[in-house]
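Since the structure is predicted, the reported quantities are computational estimates derived from the model, not experimental observations.
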Amino acid sequence: MTEVLAADGRPLKASLNRALRRQKLRALALIAPLLIFILVSFVMPIADMLFRSVENEIVSDTLPRTVKALEGWDSSSGEAPGEAVFNALYTDMALATEYKSHTRLGSRLNYELTGVSSLFRKSGRRVKRFDTDVYADAFRDADPAYADPGQWAAWMSDDTVRAAVPVTAATYDAWAKMIVEVDNDDPAKEEPWDFVYTALYNEAVAGASLPVAVDVSGVEPVSLRDQFVEVDKDWLDIDVWQTIKIYAPKYTNGYFLNSVDLLKGPDGAEARPESERIYVVLFIRTMIMSLSIMGMCVLLGYPIAWLLANLRDRTANLLMILVLLPFWTSLLVRTSAWKVLLQQQGVINDVLVWIGLVADDGRLQLINNQTGTIIAMTHILLPFMILPLYSVMKTIPPSYLRAAKSLGATDWTAFWRVYFPQSVPGIGAGCILVFILSIGYYITPELVGGTKGVFISNRIAYHISSSLNWGLAAALGSILLAVVLLLYWVYDKIVGIDNVKLGG
């Protein structure tokens, strides 16, 4: 069979494939800026949020030796860890204090156990004054080489020495790294700090072969456990050590457990005390109130959109300006106005009292509750329902209703059987817009909702801006995102996302 060739002598099939590839590359080049923008401004922040909700590296990075030493501690014993764990804690705290990471670690653990933050800050201030110089003095007095920074650098460059005293070598490496990164000094010109000599002493007692033999049998051991307890007795608290051990892994589900009113215990997930359960209630409240606001917007927005779509253009345009007018006013101004209107001595209650619907001593409580939040947010989000409905209704030919009536249908039957089904896509678009906007609002609920009208978004904003518990905020945001996606999936199964239209 003769192969068909193109004008340039190449096989026609290959030329067509090459032309298609070029066409796809040109199309990709045209949409590349938009793809990059979506990736940077939308996908990457969501990915970062999802990562923050499980990331927990600060514990293992700040207390690596303590975390390893705690592996052999049995929390069910009812006793605080022994001297070996406190020796590791001493080294970790001495380094963390220089890096100033002990305060961040304390803040992280304080999310799980109140009081840990002050415990770490207090210990960080005192750890440099711990009575461990007795070990350094013993080695210096035994041999001047132990006081020589250059000799230490030479020892730590010798694989034989490092193999003989591995803990000391690792401690020296951490100290040298800190000297370079924090103090910008040369470790070969700086004598090691006391915690390095402490590690060397512990290995000497264990029978390790020292670079220069020293008899440490006459050195009185120092109890670092007692010194930490002297700083704060909370170091004997089992809960402190359990919290450190539980949150030692680099990744944790603790934030997600906290988001559903659970906590991470030694044996897994545990229920929080009833007085501390707030997030599930907030999630349920957010969903119910968002659906209520959406329903109110449909009830109020549908007749307004119908009126706009069926009036003369001049009149409709004038009314449309009134619909869009709230967009020209600051959100804070609108919310503050509702705060004035809804209070018990406000305009609405004054009018109700004046016309006799409400007694003066029985004024309605419309502020600092769910009612105030629903009223204010319905007003704010109503245009987002009217505009999609209006754009869809404008495309429905009036002749359809006239034809239905000419065939004997009543006004209600013509509306319900002919007009309403064609407006459903606009309802769907408006509902999605209003719902997704309402669940993310936090300014309006914060100002008019009080304690009973706030959303889960208010807690997310609080953890981001005030408590700085970004992990919990990310977990709450991730759960909220998952719930919204689930509702979208349900909506698609029931209504069909293809039926959502913004007009046309």
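The number of heavy-atom neighbours closer than 6.0 Å to CD of E181, taken from other residues, nucleotides and ligands shown, is above 12. Atom CD of Q365 has more than 12 heavy atoms from other residues, nucleotides or ligands within 6.0 Å.
In this structure, the side chain of S118 engages the main chain of G115 through a donor-acceptor pair within 3.5 Å. In this structure, the side chain of S438 engages the main chain of F435 through a donor-acceptor pair within 3.5 Å. A donor-acceptor pair under 3.5 Å links the side-chain atoms of D261 to the main chain of I278, judged by distance alone. In terms of modelled atom types and a separation under 3.5 Å, the side chain of Q227 and the main chain of D131 share a donor-acceptor contact. Put simply, the side chain of R225 never gets that close to the backbone of G82: no donor and acceptor are under 3.5 Å apart. A donor-acceptor contact shorter than 3.5 Å links the side chain of E203 to the backbone of T168.
Put simply, CD1 on I244 and CD on E112 are 12.0 Å apart, with the number rounded to the nearest 0.5 Å. Distance CG/N253 to CG/N56: 10.0 Å, rounded to 0.5 Å. Put simply, OG on S465 and CD1 on I460 are 11.5 Å apart, with the number rounded to the nearest 0.5 Å. For the atom pair OH (Y135) and OH (Y201), the distance works out to 5.0 Å, reported to the nearest 0.5 Å. Interatomic distance, CD1 of I375 versus CD1 of I367, reported as 8.5 Å (0.5 Å rounding). To the nearest 0.5 angstrom, L476 atom CG is 6.0 Å from Y279 atom OH.
No side-chain heavy atom of F37 sits less than 4.5 Å from a side-chain heavy atom of F42. Residues L324 and L387 have side chains in contact (heavy-atom distance under 4.5 Å, counting atoms from C-beta outward). The shortest side-chain heavy-atom distance between L468 and S107 does not fall under the 4.5 Å cut-off. Within the 4.5 Å cutoff, the side chain of F120 has no heavy atoms near those of the N110 side chain.
The heavy-atom pair separating P149 from P187 by the smallest distance is CB-O, 4.1 Å. Looking at every heavy atom in both residues, I456 comes nearest to T286 through N-OG1, 2.8 Å. V59 approaches A248 most closely through the heavy-atom pair CG1-CA, 3.9 Å. Across every non-hydrogen atom of L262 and A271, the tightest pair is CD2-CA, 3.8 Å. Closest of all the heavy-atom pairs between M377 and P445 is SD-CG, 3.8 Å. Annotation for S223 and E83: closest pair OG-OE1, 3.1 Å, computed over non-hydrogen atoms.
By the 30° and 60° cut-offs, the orientation of the rings of W175 relative to Y172 is tilted. Ring geometry for F51 versus Y251: interplanar angle over 60°, hence perpendicular rather than tilted (30 to 60°). Ring pair F327/F384 is perpendicular by interplanar angle, where above 60° counts as perpendicular and below 30° as parallel.
Under the 3.5 Å distance criterion, with hydrogens and angles disregarded, a donor-acceptor pair is assigned to the side chains of T132 and Y90. Side chains of W235 and S123: a donor-acceptor N/O pair is present below 3.5 angstrom, by distance only. Under the 3.5 Å distance criterion, with hydrogens and angles disregarded, a donor-acceptor pair is assigned to the side chains of N258 and R272.
Note on K128 versus E98: salt bridge recorded, some NZ/NE/NH1/NH2 to OD/OE distance being below 4.0 Å. Note on K250 versus D61: salt bridge recorded, some NZ/NE/NH1/NH2 to OD/OE distance being below 4.0 Å. The pair D173-K177 does not count as a salt bridge, with every side-chain nitrogen at least 4.0 angstrom from each carboxylate oxygen.
Taking the ring axis of Y197 as reference, the NZ or CZ atom of R140 stays within 45° of it and closer than 6.0 Å to the ring centre.
I36 pairs with exactly one of V40, L39, I38, L34 by the side chain to side chain contact (heavy atoms under 4.5 Å, CB included) rule, that one being V40. Of the candidates Y255, Y247, F256, Y247 is the only one forming a side chain to side chain contact (heavy atoms under 4.5 Å, CB included) with K264. No option in I432, I380, I293, L381 other than L381 meets the side chain to side chain contact (heavy atoms under 4.5 Å, CB included) test with L437. Screening W73, W241, F130 for a ring-ring contact (aromatic ring centres under 6.0 Å, His included) involving F86 leaves a single residue, W241.
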